[in-house]
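Data block below; observations after.
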Amino acid sequence: MSGSALFETFARAPLAFDHGEGTWLVTDKGERYLDFAGGIAVNSLGHSHPHLVAALTEQAGKLWHVSNLYEIPQQRRLGERLADATFADKVFFTNSGAEALECAIKTARRYQFVKGHPERFRVITFEGAFHGRTLATIAAGGQYKYLEGFGPKVEGFDQVGFDDIDAAEKAITSETAAILIEPVQGEGGIRPVPTQSLKRLRQLCDQHGLLLIFDEVQCGIGRTGKLFAHEWTGVTPDIMAIAKGIGGGFPMGACLATDEAAVGMTAGVHGTTFGGNPLAMAVGNAVLDVVLEDGFLEDVQRKALLLKQGLAGVADEFPDVIEGIRGTGLMLGLKCVMPNTKVNMALRDQHFLAVPAGDNVIRLLPPLTVTDAEISEALDRIRAGAKGLADAIAAAAAK
Ligand SMILES: Cc1ncc(COP(=O)(O)O)c(C=O)c1O
């Protein structure tokens, strides 16, 4: 018991931050931490980005909330900008990633329903997936640790092995509505899905009348150096869930779809009180202003290479601590030899923040605005943390 009035659902680090400046978080005692956790891929433009602060405060002075019973011009604008920049024609705004996934799953099921296939409601997902914490999205993710104790698993999700496209093909039945996949698994341990596999999934969906849903909640909004990770592969989905980075720290998400895929989402079949409210839309538009600026994503790609090369050097230096580097863009993972929680603590001791993930990986998700100097500083801190652990291993072995 922590003695606090809060649910004990989070194993919190004993750290409280007072404010943030770009890639840095500052505690109430004035200690500075280099933030490569980024609120788990949320702070896409770092902390207190002046353009986001201005957009939010300007909107806060005008209008916080109106219901979706009325026109919300900022929402219309952000929807159009997202559609212009992607495969999508239609957008539904939500407050979180899980709600964006709920909307994506509902959109796929309604599509099959209005196309005369109410029996098609099942969704194929992949081992290691994470799609959120609602009852449906824990069923989609299929991880026992998130399902245990919450009653019967929501019906309609069939899971196959990570990147096992043959198994996905075998899992298709007359009840299948869609295939749902993260192009780069985040929580599952920074595992990019090979281009060839996404191409085969696209073919399977086309062949069987299924919808392809991408979950880009973590890997989207410039994280991999393209606006969306799937752009590297040339494969487009029918539906896509996004969140995290689009709000830069303001809670929001969205479900994007083609006109065809969204055909069943007619007036009254789905809704939200807060989704797409003026505050969220002001920030979402401001994030896009920056991410879509000429040269911004190219610079993310350049910095990502710098970081990845540096990390490979650190892994070579400390093979007893870091087994290898994986991932793409500014979504990189350190595959650890010892438990990742221990490595994470050693990094925290260096005032460096990262996030543990599945498959014994430490995730690095710095803001897309990270500077070259901060990358170099990060490498120094990771090296120092790894050296401390390697020295401890050597000392224990010498005993
Ligand atoms: C890929 C992916 N999908 C969905 C979610 C759920 O998003 P939220 O926590 O905003 O509901 C997450 C959150 O980590 C995620 O990484």
Side-chain angles (χ1 to χ4, degrees), residues 7 9-11 37-44 92-108 123-143 145-147 150 154 157 159 162-163 178-193 198 212-224 228-230 237 239-256 272 274-277 280 283-284 287 326-333 353-359 361-365:
F7 268 35
T9 46
F10 297 104
I40 320 189
V42 165
N43 299 104
S44 47
F92 182 95
F93 288 103
T94 67
N95 309 292
S96 67
E99 284 169 279
L101 264 302
E102 288 273 346
C103 180
I105 295 161
K106 286 177 78 175
T107 302
V123 177
I124 295 171
T125 67
F126 295 85
E127 172 269 322
F130 185 79
H131 298 299
R133 300 292 201 123
T134 62
L135 289 169
T137 54
I138 55 175
Q143 299 198 40
K145 64 180 175 184
Y146 300 134
L147 285 160
F150 291 114
V154 169
F157 297 94
Q159 192 155 85
F162 175 77
D163 193 30
I179 298 177
L180 164 60
I181 189 165
E182 293 157 83
V184 184
Q185 270 192 2
E187 184 84 14
I190 309 289
R191 298 196 286 180
V193 179
L198 291 182
L212 182 60
I213 308 173
F214 285 165
D215 178 346
E216 292 227 18
V217 166
Q218 192 161 148
C219 61
I221 309 294
R223 181 78 14 222
T224 65
F228 291 104
H230 70 262
I239 304 173
M240 177 168 72
I242 67 169
K244 291 188 184 268
I246 183 64
F250 199 94
M252 64 175 292
C255 173
L256 284 65
T272 169
F274 293 116
N277 101 350
V283 181
V287 168
R326 53 166 79 162
T328 169
L330 289 174
M331 186 175 184
L332 296 175
L353 302 176
V355 200
D359 206 21
V361 161
I362 295 279
R363 271 177 281 185
L364 303 181
L365 304 159

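Both counts, for ligands and for their atoms, begin at 1 and track the order of listing. Each residue takes its place number in the sequence, starting with 1. Please read all numbers here as calculations on a predicted model, not as lab measurements.
- Ligand 1 lies nowhere less than 4.0 angstrom from a heavy atom belonging to Glu187.
- Among all protein heavy atoms, the one lying closest to atom 16 (O) of ligand 1 is Gln218 NE2, 2.8 Å.
- Of the N or O atoms in Asp215, one or more lie within a sub-3.5 Å distance of an N or O in ligand 1.
- Residues Lys244 and Ser44 fail the side-chain proximity criterion, which asks for heavy atoms closer than 4.5 Å.
- One N or O on the side chain of Asp215 and one on the backbone of Val217 form a donor-acceptor pair closer than 3.5 Å.
- In terms of N/O distances under 3.5 Å, ligand 1 is approached by Phe130.
- The distance between the ring centers of Phe130 and Tyr146 falls below 6.0 angstrom.
- Side-chain N or O atoms of Arg223 include one that pairs as donor or acceptor with a backbone N or O of Leu330 at under 3.5 Å.
- For a threshold of 3.5 Å applied to N or O pairs, the pair formed by Gly97 and ligand 1 contains at least one separation below that value.
- Near Glu182, meaning under 4.0 Å from any of its heavy atoms, are these atoms of ligand 1: 1 (C).
- Partners of Phe157 by ring-ring contact (aromatic ring centres under 6.0 Å, His included), not counting sequence neighbours: none found.
- Sorted by first and then second residue, the salt bridge (Lys or Arg N to Asp or Glu O under 4.0 Å) pairs with a member in residues 127-139 read Glu127-Arg191; sequence neighbours excluded.
- Residue contacts with ligand 1: Lys244 is placed with a nitrogen or oxygen under 3.5 Å of a nitrogen or oxygen of the ligand (distance criterion only).
- On a distance-only criterion, Ala98 and ligand 1 share at least one N/O pair closer than 3.5 Å.
- Near Ser96, meaning under 4.0 Å from one of its heavy atoms, ligand 1 places the atoms 10 (O), 11 (O).
- For Met331 against Cys219, the heavy-atom pair with the smallest separation is SD-CB, 3.6 Å.
- At the shortest separation from atom 5 (C) of ligand 1 among protein heavy atoms lies Val217 CG1, 3.7 Å.
- Not a single protein heavy atom sits closer than 4.0 Å to atom 9 (O) of ligand 1.
- Distance check: Gln218 CD to Glu187 CD gives 7.0 Å after rounding to the nearest 0.5 Å.
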